[in-house]
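One structure is given here, and the rest of the page talks about it.
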Amino acid sequence: MQFSTGNNRIEVNTPTRSALMEEVGKCLGAQRGFALATLNLDHLVKLRSDARFADAYAAQDMVVADGRPIVWLSRLAGQPVELLPGSDLVLPLCRIAAEEGRTIAMIGSTDVALHDAETYLTAAVTGLKVSYVHAPPMGFDPEGDAARTVLHELEASGAGMCFLALGAPKQEQLAARGRELAPSVGFASIGAGLDFLGGHQRRAPRLVRSLALEWLWRALSSPRRMIPRYASCFAILPGLTIQALQRRLRR
């Protein structure tokens, strides 16, 4: 399923959980790096005006649907994809890493949150080991010299997979750069996924998520930050809906 964002086209090229897990397993087994992005409406908004973000997305090897609107639009286009929120992928990806005998790394958030996430994950996944953690300071530039040092340290750590919890677009930009500077590492951009595991952010209750109302729960929890973001997302939905219908008619 492709989405047009101005001059760019973004494709959800890994449509199901089984396809994702199979591909990640192959990469980890072969010690081959990758970059995984989790596409949502907020990303599509940013991609329209941020050329560097668009370049970073173009460098991603796998893109999955993180957000029900992406799933609904894909069904409307007759090209259905599965909902794969980044926060829900951390544990299953860790299990694959442990099965393949590869260690993981975590970059982003805070030292305390990363410590708590490591404690949670190593208790939940038998045999999982963490070989590198780094909580960048405020103002971290994924294209700066400090990021270069971090990526060299990451490559030297032997980690097979690194979870990036920097938020968009920083995490996708660091993953794109990491494909060059840490070529043996698989990067998974998962936003607040590590904070959720460590209990440093609260995720919407399961019932709210099952009713597709997580966006409303988040908007009410942080209205000043989230309401403008969701307003921008809703504004692009009519155009995306027309695109989806046109793709369906061309099939």
Side-chain angles (χ1 to χ4, degrees), residues 20-38 56 59-62 64 84 86-138 140-168 170-201:
L20 174 64
M21 299 304 160
E22 180 180 357
E23 185 61 24
V24 169
K26 288 180 180 178
C27 289
L28 290 175
Q31 298 189 21
R32 184 173 70 247
F34 61 87
L36 164 65
T38 55
Q60 306 296 306
D61 300 284
M62 301 171 231
V64 299
L84 298 174
S87 299
D88 291 344
L89 294 177
V90 178
L91 270 173
L93 289 175
C94 284
R95 293 188 184 105
I96 293 177
E99 289 168 4
E100 295 293 340
R102 304 299 305 280
T103 64
I104 67 163
M106 297 181 287
I107 297 176
S109 193
T110 65
D111 288 320
V112 173
L114 293 182
H115 174 269
D116 291 343
E118 178 178 352
T119 299
Y120 178 92
L121 289 170
T122 52
V125 180
T126 301
L128 182 69
K129 298 184 184 303
V130 179
S131 58
Y132 185 80
V133 295
H134 181 73
M138 189 72 69
F140 176 74
D141 180 3
E143 297 179 355
D145 291 338
R148 177 186 295 274
T149 299
V150 167
L151 289 171
H152 284 315
E153 291 174 353
L154 175 63
E155 178 74 5
S157 76
M161 182 163 50
C162 178
F163 293 105
L164 299 177
L166 296 166
K170 287 186 177 182
Q171 58 194 15
E172 291 81 11
Q173 290 172 333
L174 188 63
R177 196 174 183 196
R179 293 296 287 114
E180 298 179 6
L181 299 180
S184 71
V185 180
F187 293 89
S189 297
I190 44 81
L194 300 179
D195 285 340
F196 290 144
L197 291 177
H200 293 268
Q201 284 194 45

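Applying the salt bridge (charged side-chain N to carboxylate O under 4.0 Å, His left out) criterion to E118, with sequence neighbours excluded, gives no partner residue. Take T149 and apply the side-chain hydrogen bond (donor to acceptor under 3.5 Å, both in side chains) test, not counting sequence neighbours, and it matches no residue. For R32, the salt bridge (charged side-chain N to carboxylate O under 4.0 Å, His left out) criterion is met by E23, not counting sequence neighbours. Checked against side chain to side chain contact (heavy atoms under 4.5 Å, CB included), A135 has the following partners two or more places apart in sequence or in another chain: D111, L114.
Considering every non-hydrogen atom in both G167 and E172, the closest pair reads O-OE1, 4.2 Å. Scanning all heavy atoms of the two residues, the minimum distance from P142 to A147 falls at O-CB, 3.3 Å. Closest approach of A176 to Q60, counting heavy atoms only: N-NE2, 4.1 Å. Closest approach of A146 to F140, counting heavy atoms only: C-CE1, 4.4 Å. For the pair S87 and G193, the tightest heavy-atom approach, listed with the atom from each and the gap, is OG-CA, 3.7 Å.
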* Asked: What's the verdict on side chain to side chain contact (heavy atoms under 4.5 Å, CB included) for L194 and Y120, showing C-alpha distance, side-chain angles and the deciding distance?
  -> CA-CA 10 Å; L194 300 179; Y120 178 92; over 6 Å; no
* **side chain to side chain contact (heavy atoms under 4.5 Å, CB included) assessment of V185 paired with F34** => CA-CA 7 Å; V185 180; F34 61 87; over 6 Å; no
* **Test side chain to side chain contact (heavy atoms under 4.5 Å, CB included) applied to M21 and L93, step by step** => CA-CA 7 Å; M21 299 304 160; L93 289 175; 3.9 Å; yes
* **side chain to side chain contact (heavy atoms under 4.5 Å, CB included) evaluation trace for L20 with L89** => CA-CA 10 Å; L20 174 64; L89 294 177; 3.9 Å; yes
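Within the structure, every pair that satisfies the salt bridge (Lys or Arg N to Asp or Glu O under 4.0 Å) test and touches residues 174-193, not counting sequence neighbours, is listed here: D61-R179. Listed by first then second residue, pairs satisfying side chain to side chain donor-acceptor pair (under 3.5 Å) with a partner in residues 94-108 read T103-S131, not counting sequence neighbours.
For Q31 (side chain) and C27 (main-chain N/O), no donor-acceptor pair under 3.5 Å exists by modelled atom type. In this structure, the side chain of Q173 does not engage the main chain of E143 through any donor-acceptor pair within 3.5 Å.
To the nearest 0.5 Å, atom OG of residue S189 and atom CG of residue L174 are 8.0 Å apart. Rounding to the nearest 0.5 angstrom, the gap separating the CG atom in D195 from the CG atom in D116 is 10.0 Å.
Looking at heavy atoms from C-beta onward, T38 lies out of side-chain contact with L84 at the 4.5 angstrom threshold. In this structure the side chain of I190 never reaches within 4.5 angstrom of the side chain of L36, judged on heavy atoms. For the pair V133 and H115, the minimum side-chain heavy-atom distance is 4.5 Å or more.
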Review item, side-chain donor-acceptor pairs of residues 150-164, under 3.5 Å, at least two apart:
unit_1	atom_1	unit_2	atom_2	d
E153	OE1	Y132	OH	2.7
E155	OE1	S184	N	3.4
E155	OE1	S184	OG	3.0
E155	OE2	S184	OG	3.0
S157	OG	L154	O	2.6
S157	OG	A159	N	3.2

Distance-only check: which donor-acceptor pairs under 3.5 Å involve side-chain atoms of residues 123-130, not counting sequence neighbours?
none

